[in-house]
Undergrad: 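Okay, here's the structure, questions in a sec.
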Amino acid sequence: MVGQSGLSDFFEQFLQREPIFVNKKVLQSNYMPDAILHRKKQLEFLANILAPALRSEKPANIFIYGKTGTGKTLVAQHTLDMLARAAESRNLKIKSIYVNCKLKKVSDTEYRIVTELARSMGQDLPATGLPTDEVWNKFLAAIDVEPQIVIVVLDEIDRFVSKVGDEILYNLTRINSELKKAQVSLVGISNDVRFIENVDARVRSSLGEEDIVFTPYNALELKEILEKRASSAFRANAIGSGVLEKCAAYAAKEHGDARRALDLLRAAGEIAEREGVQHILPEHIDRAEDRIERDRVLEITVAQPKQSQIVLYSILELMPNSGKKIETGEIYERYLQLCRQTGSSGLTQRRVSDLIGELDMIGLINAKVISKGRYGRTRQIYLTIPDDMVQKIRDKLKADLEV
DNA sequence: AGGTATTCACATGAAACTATTCTCTGAGTTAGG
DNA sequence: TAACTCAGAGAATAGTTTCATGTGAATACCTGT
């Protein structure tokens with residue numbers, strides 16, 4: 001315990017120190033820098049395609065794809081901003097609608113997406129109660145009030161197409177034939193390169209009139225991006241030598257994800273700040289990665305459905321006293337035991353087997369199917385969660401599940 | 001020794017069932033004309 | 001009378017169970033040397 005005088009000393013000291021961060025927002029993933037590095041080709045290409053809008057011609061539909069953190073959203077939003085500005089100064093009617101299909105609020109159904117589109121056109125709609133085509137009509141009416149070009153950006157479309165199907169896309173691609181005054185162009189953004197292959201052929205040909213590929217950043221490019229952001233995010237000289245290089249190298253290893261690189265740098269800064277040191281050092285990056293990984297594991301764990309959590313808890317309980325590897329049978333027994341304790345009936349082994357498979361997919365555990373010859377065939381399971389985390393997660397689950 | 005057949009302990013698949021969520025219709029309600 | 005609200009019917013969906021079939025190799029069982 002720190003005594004009273006000690007505590008005020010602490011605050012004094014805290015204020016005496018120069019802060020490491022000047023503007024932390026710059027490192028957040030939704031921050032929009034005024035210049036985008038290493039995406040010149042894509043920017044120009046996209047601008048080229050959209051430019052006809054300034055002459056009141058309908059731009060071609062575009063399909064953009066690339067892995068996460070390669071700047072797709074950034075480039076799209078930036079280009080649209082510029083376009084809007086150019087249009088404004090010339091008094092042209094160009095509107096853009098941006099819908100991120102990943103957000104839970106939107107993603108589930110066709111209804112919700114169309115509602116979202118109509119809302120951003122200024123329509124006020126109830127969350128439920130209306131027929132879908134009614135909402136379509138409202139959306140159409142809202143667009144068609146005057147001659148204008150509307151650019152609809154659907155971010156992460158792969159998400160909802162896998163859930164909802166491609167009917168909306170089909171409707172959207174043919175929307176122009178129903179409009180008298182306005183015209184609509186589509187911009188689809190997807191993380192999944194193969195996504196376009198699983199879409200209805202008619203939609204494919206019309207959405208993919210043009211496409212842009214975003215290749216991952218390499219370590220050098222990442223470093224430059226980090227340098228740029230870091231210079232306005234941190235106090236001058238706050239970054240030790242080799243820090244950005246290390247950060248970039250880490251992120252480049254994971255398919256050149258710039259968002260991850262920035263997260264890493266921000267976390268490293270926070271750690272350094274808490275330690276009260278003046279500079280960020282390469283070792284802070286290591287610790288930041290560790291922390292991010294922990295947060296991720298915990299987050300995933302908590303987000304699991306209840307049954308899956310119970311299965312995971314069973315695994316965690318069994319882990320220490322059976323050496324390194326355990327098998328499906330053991331887990332199921334333990335699982336049933338837990339269920340009896342809480343008075344619930346428990347799932348079938350069939351299902352638990354699937355749940356174990358899912359936990360493996362997520363990466364919380366590592367399950368390998370092996371055959372033990374005369375003694376059957378099973379999954380051999382070991383944890384991928386770091387040892388010192390196991391205890392914490394177990395306690396967390398224990399509390400959540402009231403076991 | 002070498003070869004074949006068994007057997008274990010689940011994995012993996014398919015179909016059916018169930019509870020929940022969504023969409024949509026029509027009855028009832030409200031408000032304006 | 002048009003517009004709106006809301007309950008409930010029907011469709012879509014996710015999660016699960018039931019039934020059925022598949023799997024890889026250690027072991028048991030032959031078979032002829």
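Order of the sequence lines sets the chain letters (A, B, ...), proteins ahead of strands, with each chain counted from 1. FYI, side chains are in, hydrogens and waters are out, and symmetry mates aren't considered; it's all heavy atoms of this structure.
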Undergrad: Is there a donor on the side chain of R350(A) or the base of dT17(C) sitting less than 3.5 Å from an acceptor on the other?
TA: no
Undergrad: Taking CG from L355(A) and C1' from dA14(C), how many angstroms apart are they, rounded to a whole number?
TA: 13 Å
Undergrad: Scan side-chain atoms only and decide if Y250(A) and D286(A) contain a donor-acceptor pair under the 3.5 Å cut-off.
TA: yes
Undergrad: State which residue, out of F45(A), F63(A), Y65(A), fulfils the side chain to side chain contact (heavy atoms under 4.5 Å, CB included) condition with I212(A).
TA: F45(A)
Undergrad: Q349(A) has an atom CD; how far is it from atom P of dT12(B), in whole Å?
TA: 13 Å
Undergrad: To the nearest angstrom, how far is K368(A) atom NZ from dT23(C) atom P?
TA: 20 Å
Undergrad: Hydrogens and angles aside, do T68(A) and R260(A) bring a side-chain donor and acceptor to less than 3.5 Å of each other?
TA: no
Undergrad: Less than 3.5 Å apart, any donor N or O on the side chain of T73(A) or D155(A) sitting next to an acceptor on the other?
TA: yes
Undergrad: From CD of Q380(A) over to C1' of dA9(B), roughly how many Å is that when rounded to an integer?
TA: 13 Å
Undergrad: Would you say S371(A) places a side-chain N or O within less than 4.0 Å of OP1 or OP2 belonging to dA25(C)?
TA: no
Undergrad: Looking at R351(A), does any N or O in its side chain come under 4.0 Å of the phosphate oxygens OP1/OP2 on dA11(B)?
TA: no
Undergrad: Calculate the interatomic distance between D360(A) atom CG and dT12(B) atom P; express it in whole Å.
TA: 10 Å
Undergrad: For K372(A) and dA9(B), give me the distance from atom NZ to atom P, rounded to whole Å.
TA: 7 Å
Undergrad: Out of dT27(C), dT23(C), dC10(B), which nucleotide sits closest to the side chain of R374(A)?
TA: dT27(C)
Undergrad: Quick one: sort the Y335(A) and Y332(A) rings into parallel, tilted or perpendicular, breaks at 30° and 60°.
TA: parallel
Undergrad: Indicate whether OP1 or OP2 belonging to dA11(B) is found under 4.0 Å from a side-chain N or O atom of T328(A).
TA: yes
Undergrad: What nucleotide, of dT17(C), dT23(C), dC10(B), holds the atom closest to the side chain of T378(A)?
TA: dC10(B)
Undergrad: Using atom CZ of R377(A) as one end and atom C1' of dT6(B) as the other, report the distance to the nearest whole Å.
TA: 16 Å
Undergrad: Rounded off to whole Å, could you give me the CD1-to-P distance for the I381(A) and dA9(B) pair?
TA: 16 Å
